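Here is the structure we will look at.
In what follows, chains are A, B, ... by sequence order, proteins preceding strands, each numbered from 1. Quick caveat: nothing in here was measured; it's all calculated off a predicted structure.
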Amino acid sequence: MQPDSRDSYDPRSIEAKWQERWARQGTNEPDLDAVERPFFNLMMFPYPSAEGLHVGNLYAFTGADIYGRYQRLRGLDVFEPIGFDAFGIHSENYAIKVDVHPMELIPRNIENFTRQLRRTGMMYDWAHTVDTTDPAYYRWTQWIFLQLYEAGLAVRKEAPVNWCPSCQTVLANEQVIAGRCERCDTPVEQKLLSQWFFRITEYAQRLLENLDWLDWSESTKTAQRNWIGRSEGATIHFPLVGSEPAIEVFTTRPDTLFGATFMVLAPEHPLVDRLAGEAERAEVEAYRDATRRKDLVERRKGDKTKSGVFTGGYARNPATDEDIPVWIADYVLMDYGTGAIMAVPAHDERDFEFATEFGLPIVPVVLPFERTEEFENLSQVDGVLEGEAYIEHSDDEVLINSGRFSGLSAPAGAAGIIEWLAEKGLGEVSVNYRLHDWCISRQRYWGPPIPIIHCDECGAVPVPEQDLPVVLPYVADFRPDAHGVAPLARDEEFYRVDCPRCGRQARRETDVSDTFLDSAWYFLRYPSTDFDDRPLDEGRTRKWLPVDMYIGGEEHAVLHLLYSRFTTMVLNELGHLEFEEPYERFRKHGLLIREGAKMSKSKGNVVIPDDYIERYGADTFRAYLMFLGPYQEGGDFRDRGIVGIERFLNRMWEAVLQAVGESRNGVEAGDIERRLNATIKQVTEDIEALSYNTALAALMEYLNAIRYEGRVPSLDEVKPLILMLAPFTPHLSEELWDRLGSDLSVFEGVLWPEYDPQKLRAEVVEMPVQVNGRLRATITVDRGAATDTVQAQALADENVQRHVGDATIRKVVHVPDRLLNLVVQG
RNA sequence: GCCGGAGUGGCGGAACGGUAGACGCAGGGGACUUAAAAUCCUUGAGCCGAAAGGCUGUCCGGGUUCGAAUCCCGGCUCCGGCACCA
């Protein structure tokens with residue numbers, strides 16, 4: 001039967017029809033209080049750029065939406081919200097570029113994004129959205145700041161911070177990529193400034209430990225572990241010669257203490273002033289100036305030739321009791337460890353280069369065990385090194401030239417040295433983290449004002465909770481200032497305020513907070529958006545959180561995902577949440593590339609989804625995006641491939657209409673029934689594993705099978721296909737389900753098909769027969785046939801016989817129903 | 001340099017240690033059509049062969065195994081992240 005030409009698959013009309021119906025009937029808006037099997041399906045909310053929805057956004061969302069729809073078909077009450085991460089430097093820079101005020105620009109972008117998103121067929125609950133620039137939202141962002149402030153976790157301190165001279169603001173460490181600004185690629189400078197910090201380092205150990213039990217993509221966990229960067233070692237005090245404080249250093253190699261022949265401080269180190277001798281002062285100052293002028297790219301590229309100057313001061317090596325010179329050099333960074341090192345040139349590459357450059361002594365103190373025999377005694381120094389630092393570090397090393405510790409293994413030596421230092425009060429075991437406190441101040445306009453008032457009498461005073469939100473005023477000139485003064489500092493009406501504590505005239509904080517604070521808690525807000533008077537409704541929060549499944553890009557592995565874990569931990573500790581980890585499961589998705597290259601605006605190869613959706617329909621485009629590669633690894637977008645999905649869906653349409661026309665029930669026993677069960681099994685397992693490409697392949701195979709040689713499938717043969725396709729092509733499935741005569745939406749009711757394990761396998765199986773591991777024949781045997789039977793049948797095969805010949809069969813490998821391998825002598 | 005991940009047809013990609021190349025795209029051949037598009041059938045790693053069949057083949061070199069794309073050792077290349085981290 002030819003389908004009526006007027007009734008061919010027309011995605012445009014079908015999609016419009018179902019989108020309208022879903023919206024009207026509230027299909028995707030679960031009753032957040034009443035439902036019984038809550039499942040919070042989260043995806044990373046987008047930054048609403050002026051360019052509109054990017055195909056990368058759509059790729060991310062579609063993969064997450066499929067998972068949510070699948071859980072819904074399995075009978076869970078899925079809550080799938082979306083929102084807009086609309087504050088931040090990114091938006092602001094764009095506003096500056098096009099010279100439109102962000103307060104005009106951003107609402108327009110959000111409107112545009114909303115329109116685009118509604119067209120993509122996501123299962124969004126539009127009744128619970130979040131917009132970070134809405135005072136009704138950022139009121140609570142400010143509230144969170146105050147919670148941290150009261151808990152002593154938000155502190156103002158002077159610290160070396162990353163300064164972007166182009167964006168004219170400080171950046172968090174995580175926003176500095178290879179020494180450059182994440183946003184504008186300008187080399188970042190370091191400045192010592194007073195800023196607001198969240199003390200995330202206090203939580204470093206817990207953030208690290210919890211990773212052990214979180215069900216997250218392994219690569220994301222690894223990225224976080226590396227970022228937190230825990231190192232175990234010791235803190236050692238080197239007393240200054242002729243001066244009071246000691247220089248503290250952190251080292252992971254306390255076993256090499258006897259080899260520390262000089263020390264190096266970061267040029268910014270506070271002790272430098274005290275140390276610098278009269279003769280050296282001018283040179284030291286010149287070097288510090290030069291360092292200050294270097295940007296991070298220059299400073300961090302790791303030159304082989306080291307620079308530095310001698311301060312004129314000496315410190316005492318507590319192990320050797322020798323006075324060793326103290327230098328400053330820019331290869332020592334103020335923002336790691338204590339900003340000072342003990343230099344062990346024999347066992348550290350950088351120290352070796354430095355010592356070589358400036359003719360400082362190099363004393364080896366560890367040696368691989370097997371080399372000890374080459375040397376006369378354990379005080380040996382000459383000939384141990386071979387022109388470079390010996391930096392191996394294993395348990396098979398012994399200490400040499402280390403006084404009473406000589407002869408001990410490296411681990412025993414390290415332990416002994418630390419114990420000995422501890423007795424003298426000169427050192428202790430310690431742990432150091434690479435993670436820094438989170439700098440949240442931004443000297444910019446487009447963010448939530450930090451809710452603090454500075455009073456000459458009372459100091460920093462938090463804005464009383466009932467005065468929140470501190471509304472971001474409309475400031476016509478919102479551009480940043482060349483001296484790092486925030487735009488709000490130019491708005492007197494904004495900053496002039498009375499101190500809430502003493503009533504005297506005071507001044508508001510004029511910095512705004514980092515965008516990452518906005519996104520550190522947005523998911524917590526979703527279920528509670530209908531409450532104005534509290535950030536998190538207790539009942540809603542208990543019911544819906546923590547998030548059941550979070551799917552997003554790996555680019556946020558260390559930024560957003562770490563900050564939101566930290567925020568959740570703090571809110572848990574303060575009694576606002578009952579859990580300390582926000583996302584029980586996290587899965588990263590891969591990167592979508594374009595014909596082998598990364599998509600980027602500068603390359604001009606960015607795919608705008610609108611045209612494709614217009615031409616092929618959202619369902620086809622969604623399915624294509626999921627078909628082009630393994631979701632967790634990403635894929636290559638090529639226009640050509642879309643037609644494969646288009647044809648498949650057309651065949652699907654035709655098959656269902658034919659089935660409706662013939663109206664036959666039942667599933668044909670035998671091959672078709674077996675394939676149906678196998679398909680259900682595979683598609684179910686594939687979706688669970690986010691292997692969407694193979695799930696679609698399995699569905700295609702099944703459709704091909706039930707339409708073999710023009711066969712018209714039965715209703716019961718196409719029903720499971722419609723259902724299993726529904727997560728990928730929700731509109732099409734709704735339409736076809738409707739045409740089968742159902743009154744309900746595909747997504748209402750528990751409809752995901754089950755398979756019968758009994759029906760997975762056929763009565764006879766095709767079995768490959770190998771001779772000496774090489775395929776020689778394929779025979780048909782009864783399922784579960786015994787080795788003897790199979791072997792006899794195999795030997796009856798002419799080709800097998802030819803290869804076996806007269807040789808003796810030495811071994812028979814029989815994997816029932818899978819394979820037979822005859823090992824013959826020959 | 002360090003930490004991840006990956007190298008399979010013309011292309012995107014499939015393969016619990018068990019028939020390598022599922023599914024799809026592009027290509028060849030054919031049907032339908034006045035024609036084209038669409039659709040349908042068919043073919044499809046390379047080499048030899050009329051065929052049956054044989055040989056080679058999953059980045060390279062070794063190894064384990066009855067059997068390796070898959071596991072182990074060594075190397076190369078590409079992608080992503082981090083990087084003077086003491």
**OP:** State whether A/Asp215 and A/Lys221 are salt-bridged, where the test is any N-O pair (Lys NZ or Arg NE/NH1/NH2 against Asp/Glu carboxylate O) under 4.0 Å.
**Re:** no
Original post:
If only side-chain N and O atoms of A/Arg434 are considered, is one of them under 4.0 Å from the OP1 or OP2 phosphate oxygen of B/A83?
Top reply: yes
**OP:** Hey, which sits more toward the 5' end of RNA chain B by its nearest nucleotide, A/Met767 or A/Val643?
**Re:** A/Met767
**OP:** Consider the side chain of A/Pro768, meaning its heavy atoms from C-beta on, and name the nucleotide among B/U19, B/G18, B/G4 that approaches it most closely.
**Re:** B/U19
**OP:** Compare the minimum distances between each of B/U19, B/G12, B/A15 and the side chain of A/Thr778, then state the nucleotide with the smallest one.
**Re:** B/U19
Original post:
When you compare B/A22 with B/U43, how far apart are their P atoms, in angstrom units rounded to a whole number?
Top reply: 13 Å
Subject >> Pair assignment for B/G24, Watson-Crick or G-U wobble, requiring both distances under 3.5 Å >> reply: B/C11
Original post:
P atom, B/U19 versus B/A69: distance in rounded Å?
Top reply: 10 Å
Original post:
Which nucleotide in the list B/C66, B/C82, B/A86 gets nearest to the side chain of A/Thr252?
Top reply: B/A86
Original post:
Can you tell me the Watson-Crick or wobble partner of B/G74, both distances under 3.5 angstrom?
Top reply: B/C60
Original post:
For A/Arg647, which residues count as a salt bridge (charged side-chain N to carboxylate O under 4.0 Å, His left out) partner, sequence neighbours excluded?
Top reply: none
Subject >> B/A14 to B/U8 separation - C1' atoms, rounded to the nearest Å >> reply: 10 Å
Subject >> Pair assignment for B/G1, Watson-Crick or G-U wobble, requiring both distances under 3.5 Å >> reply: B/C82
**OP:** Select from A/Gly641 and A/Val823 the residue whose nearest nucleotide in RNA chain B is closer to the 5' end of that strand.
**Re:** A/Gly641
Original post:
Quantified in whole Å, what is the P atom distance between nucleotide B/A37 and nucleotide B/G28?
Top reply: 12 Å
